[in-house]
Amino acid sequence: MKKLTLISLTLIFVSCGTTKNVSPNDLLEITKKQIENEEWEKAEKNLTELIKLYPNNAELLFQRGYVREKNLKFTECIEDFTKVIALKPEKHTTRTNRGYAYRNIGEYQKAIDDFTAELVVNPNAYSYEHRSVVHYLTKNYDEALKDVNISIEKAPDNSISYKTRALIYKAMNSKENACADKEKAIELKLLEKYPKYKTDISELNKYCNE
């Protein structure tokens, strides 16, 4: 979490049945630790208390949106990211984060629109890879391949992009390319970093062993 400087106020903070005074800066530090420990519900609650004091603080709203997104609260995080865009339209990755949430609730065109808008101001590998996934999900494989290739050019050590491209090649019946990318993703330690992709790799292993 980006460090913020908050004015010196006092919050009443309840923990384990005891009540104590906590300054906003102290609460922010507590919340930062909770995010590091993936304590999403606690972090969201504390960020909500801070946002009551600073309702137009784009960074706090972004952090709560991030926490909600990590906790799979996609509708709620979209509301936060939308407020951030209104307050600070130049802030990087906000549209990509909102696009990711839209993707997860099946709003594919809104997701593509957000990734595309992000790439206008912030042409990063992360957003290209995310847009490629939406194209893949909507079976627009040529556009999916175009985007993921750009992502790999910009970040050649990103294991996720190779996994994504392997799935696209599989859908396009390009087995040799799919299996080569699957191996590259494994070589770059995809599963050690992102265990959630185990199903994708299992699917690709089955395909490559047929």
Salt bridge (Lys or Arg N to Asp or Glu O under 4.0 Å) pairs touching residues 111-130, sequence neighbours excluded, are R98-D114
Residues pairing under salt bridge (Lys or Arg N to Asp or Glu O under 4.0 Å) where one sits in residues 147-159, two or more places apart or in two chains, turn out to be R131-D147
In T82, T94, L61, the residue satisfying side chain to side chain contact (heavy atoms under 4.5 Å, CB included) with L87 is L61
Distance-only side-chain donor-acceptor flag, E44 / N71, under 3.5 Å: no
Could you tell me whether the side chain of E41 reaches within less than 4.5 Å of the side chain of K73, counting heavy atoms only? yes
For F115, the ring pair (Phe, Tyr, Trp, His ring centres under 6.0 Å) test, sequence neighbours excluded, returns H130
The side chain to side chain contact (heavy atoms under 4.5 Å, CB included) partners of K170 (sequence neighbours excluded) come to A178, E203, L204, Y207
Sequence neighbours excluded, the answer for ring pair (Phe, Tyr, Trp, His ring centres under 6.0 Å) partners of Y141 is none
Residues passing the salt bridge (Lys or Arg N to Asp or Glu O under 4.0 Å) test with E76, sequence neighbours excluded, are none
Here the gap from I35 atom CD1 to R64 atom CZ, rounded to the nearest 0.5 Å, amounts to 12.0 Å
Sorted by chain and number, sequence neighbours left out, salt bridge (Lys or Arg N to Asp or Glu O under 4.0 Å) with K193 holds for none
ask   = How far apart are the C-alpha atoms of E36 and K32, what are their side-chain angles, what is the distance that settles it, and do they pass the side-chain contact (heavy atoms from CB on, under 4.5 Å) test?
value = CA-CA 6 Å; E36 290 173 355; K32 180 178 179 180; 3.8 Å; yes
For residues 101-112, the salt bridge (Lys or Arg N to Asp or Glu O under 4.0 Å) pairs (sequence neighbours left out) are none
- Hey, are S151 and S161 close enough side-chain-wise for a donor-acceptor pair under 3.5 Å? yes
Going by chain and number, the hydrophobic cluster around Y102 (ILVMFWY, side chain to side chain under 4.5 Å) further includes L72, F74, I78, Y100, I105
- Query: Is there a side-chain contact (heavy atoms from CB on, under 4.5 Å) between N57 and I51 once you walk through the steps?
  - Reply: CA-CA 7 Å; N57 188 302; I51 289 166; over 6 Å; no
Residues at least two apart in sequence or cross-chain that pass side chain to side chain contact (heavy atoms under 4.5 Å, CB included) with D181, listed by chain then number, are Y162, R165, A166, Y169
Verify same cluster id: Y54, I85 (apolar side-chain graph, 4.5 Å)
no
Sequence neighbours excluded, the answer for salt bridge (Lys or Arg N to Asp or Glu O under 4.0 Å) partners of E79 is none
query = Is the closest side-chain heavy-atom distance between R95 and P89 below 4.5 Å?
reply = yes
Residue set satisfying ring pair (Phe, Tyr, Trp, His ring centres under 6.0 Å) with Y128, at least two apart, ordered chain then number -> none
